[in-house]
Amino acid sequence: MSQRIYIFDTTLRDGEQVPGCQLTTEEKVVVAKELERLGVDIIEAGFPVSSPGDFRSVVEISRAVTEPTVCALSRAVQGDIDAAAQALKEAKRGRIHTGIGSSDIHIRNKFNSSREKILEQAVAATKYARNLIDDVEFYAEDAGRADLEFLARLVESVIAAGATVVNIPDTTGYCLPQQYGDKIKYIYDHVPNVDKAIISIHCHNDLGLATANTLSGVLNGARQVEVTINGIGERAGNTSLEEIVMALQVHKDLGLYTNVDPKRLFPVSQLVSEMMHMPVQANKAIVGRNAFAHSSGIHQDGFLKHSENYEIINPQDVGVDKSLIVLTARSGRHALKHRLELLGYRYDKPALDTIYSRFLDMADIRKEVNDKDLMELVR
Ligand code: KIV
Ligand code: ZN
């Protein structure tokens, strides 16, 4: 039987923390409504105690969306939790996301505390939040570098205290996929009450492994993934929503599915990129400018014979208009003939040979030959 993977989108919280990506409340509401249309399950709307603006954004997003759960971040302290609960008052479904560092590095250097005291604070914060709202997610910050036994004890304690979801973040993007997957498996094998909560994955991309680590977590039992549009987020970013959704879609045999409408992936990616002034890298999987562009002669020839030869996703399935054949000096006759025919020009072989050799001269100079260049060439 297929199993649902819940999509927790943190574009408006972890993503929006990035310098230069800040949005006004009104802009955040626009993005939140698009995320709702996309089909995400949870929208992390902000960190209410951090500023009046963030507080207001959580209030307005709570009013604006009805389908997804609206989530607000807090540290494991009462003032933060109170602010989160207050900001979520009008949400149809609200969730408080509270937590504290779980690695010895954080416990020592950030909190100047001990494992026992951290455990007590985590339990107290979870109980306090549960008195204010039914849905409480606990994050064990820097779980990627935390001691496994302590992490399992922490997870067990916060579930006993009422956490409905427990987030195991690889905050610094430190883990390798096997390591991270083993961590999730350890939690499932060693936390007796693990079935009372959903285990969530939150990976950062410092080693370019966020998507791989997230999938590894899911393959080891986690059922919620924390992701952002275009993978934006602190430092090298978070796991990219579009990569996870399409990885599960392409590999249907895994028996895992999400509620996301893949056709909305490209339009939402463009919207977020424009609003946050954050260009999408050209070779970004799924939504980059080159994700469906074919430029070498061998690939173009194979693609024109059958798109499946070089594409595992139909671009229209993710909202991209069509695949692109980029004409360069690496292109072959087949690609040139195809493009000329699209422009309404048909040639026999000797004529095409002549045009092709002129095309190569032009491509060496201009690097990329566009339709206007081709018209000039045939004239
Ligand atoms: O990366 C992280 O650990 C976080 C937590 C606040 C969930 O963003
Ligand atoms: Zn994060």
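Nothing fancy with the numbering, it's 1 onward along the sequence.
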| said: Using 30° and 60° as the class boundaries, would you call the ring planes of His299 and Tyr310 parallel, tilted or perpendicular? | reply: parallel
- With a 3.5 Å cut-off and no angle check, do the side chains of Ser216 and Gln178 form a donor-acceptor pair? no
Are the side chain of Glu16 and the backbone N or O of Leu23 linked by a donor-acceptor pair below 3.5 Å? yes
Which of Lys28, Glu44, Glu36, Glu90 passes side chain to side chain contact (heavy atoms under 4.5 Å, CB included) with Ile61? It is Lys28
When rounded to the nearest 0.5 Å, the distance separating NE2 of His338 from CG of Leu327 is 9.0 Å
May I ask you to decide if Ile7's main-chain N or O and Asp41's side chain share a donor-acceptor pair within less than 3.5 Å? yes
*Please test Glu120 against Lys117 for salt bridge (charged side-chain N to carboxylate O under 4.0 Å, His left out), starting from the C-alpha separation and ending with a verdict.*
CA-CA 5 Å; Glu120 272 173 34; Lys117 283 193 196 140; over 6 Å; no
Original post:
Between the side chain of Asn205 and the main-chain N/O of Ala210, is any donor-acceptor distance below 3.5 Å?
Top reply: yes
Self-check item: CA sep, side-chain torsions, deciding dist, call: Arg333, Asp301, salt bridge (charged side-chain N to carboxylate O under 4.0 Å, His left out)
Solution: CA-CA 8 Å; Arg333 281 176 182 72; Asp301 179 58; over 6 Å; no
Q) Checking Ser269 side chain against Leu265 main chain: does a donor-acceptor pair fall under 3.5 Å? A) no
Inset, instruction - Measure from the side-chain N and O atoms of Arg330 to the backbone N and O of Gly297, and report whether any donor-acceptor pair falls under 3.5 Å. - result: no
Would the distance check show the side chain of Thr171 and the main-chain N or O of Asp142 forming a donor-acceptor pair, the cut-off being under 3.5 Å? yes
Practice task
Verify whether one side chain among Asn167 and Glu226 offers a donor that lies under 3.5 Å from an acceptor in the other.
Solution key: yes
Does the separation of the ring centres of Phe8 and His97 fall below 6.0 angstrom?
-> yes
Q. When the ring centroid of His190 is compared with that of Tyr186, is the distance short of 6.0 Å?
A. yes
*May I have the step-by-step check of salt bridge (charged side-chain N to carboxylate O under 4.0 Å, His left out) for Glu149 and Arg153, ending in yes or no?*
CA-CA 6 Å; Glu149 266 179 52; Arg153 209 145 61 84; over 6 Å; no
In terms of relative ring orientation, are His202 and His204 parallel, tilted or perpendicular, with 30° and 60° separating the classes? tilted
> Within the distance-only criterion (no hydrogens, no angle test), does the side chain of Glu274 pair as donor or acceptor with the backbone N or O of Leu271 below 3.5 angstrom?
Replying inline: no
- Message: Would the distance check show the side chain of Gln224 and the main-chain N or O of Ile198 forming a donor-acceptor pair, the cut-off being under 3.5 Å?
- Response: no
| request: Using the salt bridge (charged side-chain N to carboxylate O under 4.0 Å, His left out) rule, take Asp135 and Arg93 through it: C-alpha gap first, then chi angles, then the decisive distance, then the call. | output: CA-CA 8 Å; Asp135 192 2; Arg93 276 182 282 272; over 6 Å; no
Q.
Taking the side chain as everything from C-beta on, heavy atoms only, tell me whether Ile100 gets closer than 4.5 Å to Glu141.
A. no
Q) What do the steps show when you test Thr98 against Ser74 for side-chain hydrogen bond (donor to acceptor under 3.5 Å, both in side chains), and what is the final call? A) CA-CA 5 Å; Thr98 191; Ser74 77; 3.0 Å; yes
